[in-house]
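These notes concern the structure reproduced below.
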Amino acid sequence: MSLRLYNTLSGGKEEFVPLRPGHVGMYVCGVTVYDYCHIGHARANIVFDIIYRYLQFAGYDVTYVRNYTDVDDKIINRANERGIDSNALAEEFIRAFDEDMDALGLKKPTIEPKATLHIKQIITLVQRLIACGRAYASGGDVYYAVENFPDYLKLSKRNMDEMRAGARIAPGELKRHPMDFALWKTAKAGEPAWESPWGAGRPGWHIECSAMSMQYLGETFDIHGGGKDLVFPHHENEIAQSEGATGKPFVKYWLHNGFVNVNHEKMSKSLGNFFTIRDILKTYDAEVLRFFILTAHYRSPIDFSDQNLDEARLGLSRFYQALAGADAFLQQAQDKSAGPEREEIAELRERACTLESRFKEAMDDDFNTALVIGHFFDLVRALNRVTAIPEFASDRAALAAVTAARAGMVQLGNVLGLFVSDPQTWLEKQKHAGLGETGLSAEAIEELISARQSARANRDFARSDQIRDELAAKGILLLDSAQGTTWKRK
RNA sequence: GGCUCCGUCGCCAAGUGGUAAGGCAGAGGUCUGCAAAACCUCCAUCAUCAGUUCGAAUCUGAUCGGAGCCUCCA
């Protein structure tokens with residue numbers, strides 16, 4: 001079984017064959033740093049984070065490049081609004097981006113290049129495009145001549161006639177064709193500028209990705225990713241720039257993640273219906289957000305809502321509870337004896353043994369994380385079946401199966417960035433996280449629990465149930481067990 | 001208008017030709033003083049219609065509904 005992935009270029013799933021056996025070059029468009037990141041960015045970065053992790057898990061040596069676009073019209077405009085230097089603004093949001101990605105538990109890419117540190121490479125690339133007739137200088141600008149690149153629009157599968165209707169030439173632009181796009185822009189007063197053969201100016205959007213991917217991954221590389229909205233114009237233009245200059249295929253596999261919707265509508269800055277990552281993380285655990293995103297296939301749209309996030313929280317808790325249950329079970333392990341194997345144990349052993357092959361099969365099919373999570377849920381049920389029976393704590397086969405199941409779940413879950421915390425710690429954190437809204441402190445709850453315990457000891461069940469109901473009304477559930485009473489929030 | 005994509009149980013969501021995973025919610029049961037948690041059992045023929053096929057949620061056509069791109073956007 002080998003990895004198959006959906007390639008936007010071909011419009012279908014293809015077997016993944018890297019250019020160099022054992023190695024993968026992957027470039028993912030990062031952000032233009034002029035504002036805080038929203039959940040859409042979170043999704044894109046989490047999706048490619050798990051692709052990065054899975055490729056490594058599958059044994060590839062992966063070079064993952066994710067850029068910062070730190071020079072751009074939007075940055076300049078925002079900096080002007082705030083009356084600060086555009087470079088300072090970019091640095092501020094690069095820091096914010098790093099903090100957010102870190103909070104989301106993302107692995108660091110191999111290389112995180114900044115556009116402004118690659119101006120020389122950009123200028124060289126633009127010169128190369130002019131030299132081979134693909135671009136032209138006009139005033140202090142340089143434009144890409146799309147009509148000279150026959151493959152233009154092969155990624156987004158459109159044709160020039162359709163596109164022409166919507167294309168406009170903005171005032172001041174000196175294009176030959178409405179679809180031509182800027183490779184280099186002449187600098188106006190007060191704008192960041194670098195010396196170039198065409199005078200002081202700055203790179204257009206798109207060219208930085210061609211230049212930086214070429215620098216770190218070569219003229220042809222394996223995987224290029226980003227959100228669906230980058231297919232046109234950004235990635236289309238990257239192809240034009242890179243292939244126009246080198247005459248070689250730019251990228252073998254194009255991967256695009258679906259949008260995050262709010263109320264079934266695309267979340268976007270222009271609609272104003274977006275949530276920033278840092279706002280979301282005030283309410284929801286980062287791993288809950290990741291779990292939520294991974295419950296849907298990466299190419300499908302996903303609807304962001306409190307209900308869906310709460311469901312994700314519930315789902316993830318189920319895993320951590322099962323893991324905590326397994327830990328408690330293993331701690332009680334006594335002298336191991338081998339008896340006739342029971343059905344529950346046989347099922348768990350079977351599930352634990354086949355987990356990795358199921359995991360791989362699902363992930364190899366275009367990163368089907370939703371199916372993987374389904375497999376994990378199956379394992380949890382089998383695991384709970386065993387750990388719910390105390391006698392099994394002295395059964396050698398049960399202990400082996402529980403140990404294997406727990407280890408497998410954590411090991412494979414970690415490939416998706418899931419189950420990375422200590423179960424008890426995570427559950428404790430979740431317990432306390434929502435207490436603010438209830439108006440209760442952990443101490444107050446503990447006091448009520450002991451009051452209820454004395455009532456129960458006196459068989460005063462009316463009083464005992466009253467306490468439980470009051471807590472339940474505030475979202476606190478009590479869990480009685482042989483070891484005493486604990487609580488969690490609903 | 002052009003080009004894409006989508007429509008699977010109350011909700012979320014896999015499945016893209018071989019007879020519908022999983023989670024949440026719900027019903028019944030075991031456990032419990034009663035509950036909760038956990039476990040057991042139950043719970044869909046896949047928007048509609050017409051085709052292709054031995055066989056379709058999966059392919060084709062039409063219809064209805066939703067979304068995206070064509071302008072900055074993950």
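Residue numbers start from 1 in every chain, and the chains themselves are labelled A, B, ... in the order their sequence lines are given, proteins ahead of strands. Every heavy atom of this structure was used, including side-chain atoms; hydrogens, water molecules and symmetry mates were not. Quantities reported herein were computed from a predicted structural model and do not represent experimental measurements.
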For the side chain of A:Leu479, counting heavy atoms from C-beta on, which of B:rA36, B:rC34, B:rG33 is nearest? B:rA36

Polar side chain donor-acceptor pair, A:Tyr68 to A:Asp98, under 3.5 angstrom: yes

Is there a donor in the side chain of A:Thr186 and an acceptor in the side chain of A:Asp141, or the other way round, less than 3.5 Å apart? no

Need one value for A:Gln307: base, sugar-phosphate or nothing, where a base atom within 4.0 Å counts as base even if backbone is also close, heavy atoms only. sugar-phosphate

B:rG22, B:rG33, B:rA36: which one has an atom nearest the side-chain heavy atoms of A:Arg452? B:rG33

Which part of the nucleic acid, if any, lies within reach of A:Val260 when heavy atoms closer than 4.0 Å are counted: base, sugar-phosphate only, or nothing? base

Closest nucleotide of RNA chain B for A:Gly315 versus for A:His297: which of these residues is on the 5' side? A:His297

So what does A:Leu478 touch, heavy atoms closer than 4.0 Å: a base, only the sugar-phosphate, or nothing? base

Please give, in whole Å, the distance from B:rC73 P to A:His206 NE2? 7 Å

Between NZ of A:Lys488 and C1' of B:rA38 the distance, given in whole Å, is 10 Å

Taking only N and O in the side chain of A:Arg318, is any of them less than 4.0 Å away from OP1 or OP2 of B:rA38? yes

Would you call A:Glu112 and A:Arg66 a salt bridge, taking side-chain N to carboxylate O under 4.0 Å as the test? yes

For A:Trp426, run the side-chain contact (heavy atoms from CB on, under 4.5 Å) check against A:Leu323, A:Val420, A:Leu316 and tell me which one passes. A:Leu316

Rounded P spacing from B:rU58 to B:rU53 in Å: 16 Å

Check every strand shown and say whether A:Asp303 touches a base, only sugar-phosphate, or nothing at a heavy-atom separation below 4.0 Å. nothing

Pairing partner (Watson-Crick or G-U wobble, both distances under 3.5 angstrom) of B:rC69: B:rG2

Answer for the Watson-Crick or wobble partner of B:rC42, both distances under 3.5 Å, is B:rG26

Could you tell me the Watson-Crick or G-U partner of B:rA50, where both distances fall under 3.5 Å? Say none if there is no partner. B:rU60

Expressed in angstrom and rounded to an integer, what is the separation of A:Lys175 atom NZ from B:rU71 atom C1'? 11 Å

When you check the phosphate oxygens OP1 and OP2 of B:rA14, does a side-chain N or O of A:Ser300 lie under 4.0 Å from one of them? yes

Output yes when a side-chain donor or acceptor of A:Asp49 lies under 3.5 Å from a complementary backbone atom of A:Leu106, and no otherwise. no

A:Arg342 and A:Asp395: CA distance, side-chain angles, deciding distance, salt bridge (charged side-chain N to carboxylate O under 4.0 Å, His left out) verdict: CA-CA 10 Å; A:Arg342 295 266 299 267; A:Asp395 185 299; over 6 Å; no

Considering only atom P, compute the distance from B:rU52 to B:rC9 and round it to an integer number of Å. 28 Å

Does B:rG22 have A:Phe377 stacked on its base, where the ring centres are within less than 5.5 Å and the planes differ by under 30°? no

Would you state whether a donor and an acceptor, one from the side chain of A:Arg468 and one from the base of B:rA35, lie under 3.5 Å apart? yes

Using Watson-Crick geometry (N1-N3 plus N6-O4 or O6-N4) or G-U wobble (N1-O2, O6-N3), each under 3.5 Å, B:rC9 is paired with none

Do the side-chain N or O atoms of A:Asn159 get closer than 4.0 angstrom to the phosphate oxygens (OP1, OP2) of B:rC3? no

With the side chain defined as heavy atoms from C-beta on, A:Ala370 is closest, among B:rG33, B:rA74, B:rA13, to B:rA13

Under 4.0 Å, counting only non-hydrogen atoms across every strand here, what does A:Asp465 touch: a base, just sugar-phosphate, or nothing? base

Any chance NZ of A:Lys154 has more than 12 other-residue heavy atoms, nucleotides or ligands included, within less than 6.0 Å? yes

At less than 4.0 Å, is any side-chain N or O atom of A:Arg66 found next to OP1 or OP2 of B:rA74? Yes or no. no

Rounded to the nearest angstrom, tell me the gap between atom CG in A:Asn77 and atom C1' in B:rC73. 15 Å

What is the nucleic acid contact for A:Thr295, judged by heavy atoms within less than 4.0 Å: base, sugar-phosphate only, or nothing? sugar-phosphate

Heavy-atom count check: over 12 atoms from other residues, nucleotides or ligands less than 6.0 Å from A:Lys108 NZ? yes

For A:Asn261 and B:rC6, give me the distance from atom CG to atom C1', rounded to whole Å. 11 Å

Mind checking if A:Gly11 touches a base, just sugar-phosphate, or nothing, with heavy atoms under 4.0 Å? nothing

Indicate, with a heavy-atom threshold strictly under 4.0 Å, whether A:His256 touches base, sugar-phosphate, or nothing. nothing

In whole angstrom, give me the gap between the P atoms of B:rC43 and B:rG10. 15 Å

Between atom CG in A:Leu348 and atom P in B:rC40, what is the gap in whole Å? 12 Å

Which is true for A:Arg381 with a 4.0 Å heavy-atom rule: it touches a base, it touches only sugar-phosphate, or it touches nothing? sugar-phosphate

Any side-chain N or O of A:Lys266 less than 4.0 Å from the OP1 or OP2 oxygen of B:rC69? yes

Separation of B:rC72 P from A:His41 NE2 (nearest whole Å): 15 Å

Partner of B:rU16 under the Watson-Crick or G-U wobble criteria, both distances under 3.5 Å, comes out as none

My understanding is that a pair needs two contacts under 3.5 Å, Watson-Crick or G-U wobble. By that rule, which nucleotide pairs with B:rG55? none

On a whole-Å scale, what distance lies between the P atoms belonging to B:rC11 and B:rG17? 27 Å

Of the listed nucleotides B:rA38, B:rC34, B:rC40, the one nearest the side chain of A:Arg385: B:rC40

Scan side-chain atoms only and decide if A:Asp70 and A:Thr116 contain a donor-acceptor pair under the 3.5 Å cut-off. yes

Just call it for A:Gly40: base, sugar-phosphate, or nothing, with non-hydrogen atoms closer than 4.0 Å on any strand. base

Taking any heavy-atom pair under 4.0 Å as a contact, classify A:Asn257: base, sugar-phosphate, or nothing. base

Atom C1', compared across B:rG66 and B:rA56: separation rounded to whole Å: 24 Å

For B:rA62 versus B:rC69, give the span between their C1' atoms, rounded off to a whole number of Å. 25 Å

Nearest listed nucleotide, side chain of A:Arg158, among B:rG23, B:rG22, B:rG2: B:rG2

Judged by each residue's nearest nucleotide on RNA chain B, which is more toward the 5′ side, A:Asp480 or A:Ser268? A:Asp480

For the side chain of A:Leu230, counting heavy atoms from C-beta on, which of B:rG68, B:rC34, B:rA74 is nearest? B:rA74

I want to verify a distance call: between B:rA35, B:rC73, B:rA14, whose nearest atom is closest to the A:Ala296 side chain? B:rA14

Closest to the A:Phe461 side chain: B:rG33, B:rC12, B:rA35? B:rG33

Gap between atoms CD and P, on A:Gln321 and B:rG23 respectively (whole Å): 15 Å

Quick one: which of B:rC72, B:rC39, B:rC34 gets closest to the side chain of A:Trp205? B:rC72

Among B:rA36, B:rC24, B:rG68, which nucleotide sits nearest the side chain of A:Phe259? B:rG68

Indicate yes or no: does A:Glu361 engage A:Arg358 in a salt bridge with an N to O separation below 4.0 Å. no

Any A:Asn308 side-chain N or O less than 4.0 Å from OP1/OP2 of B:rC12: no

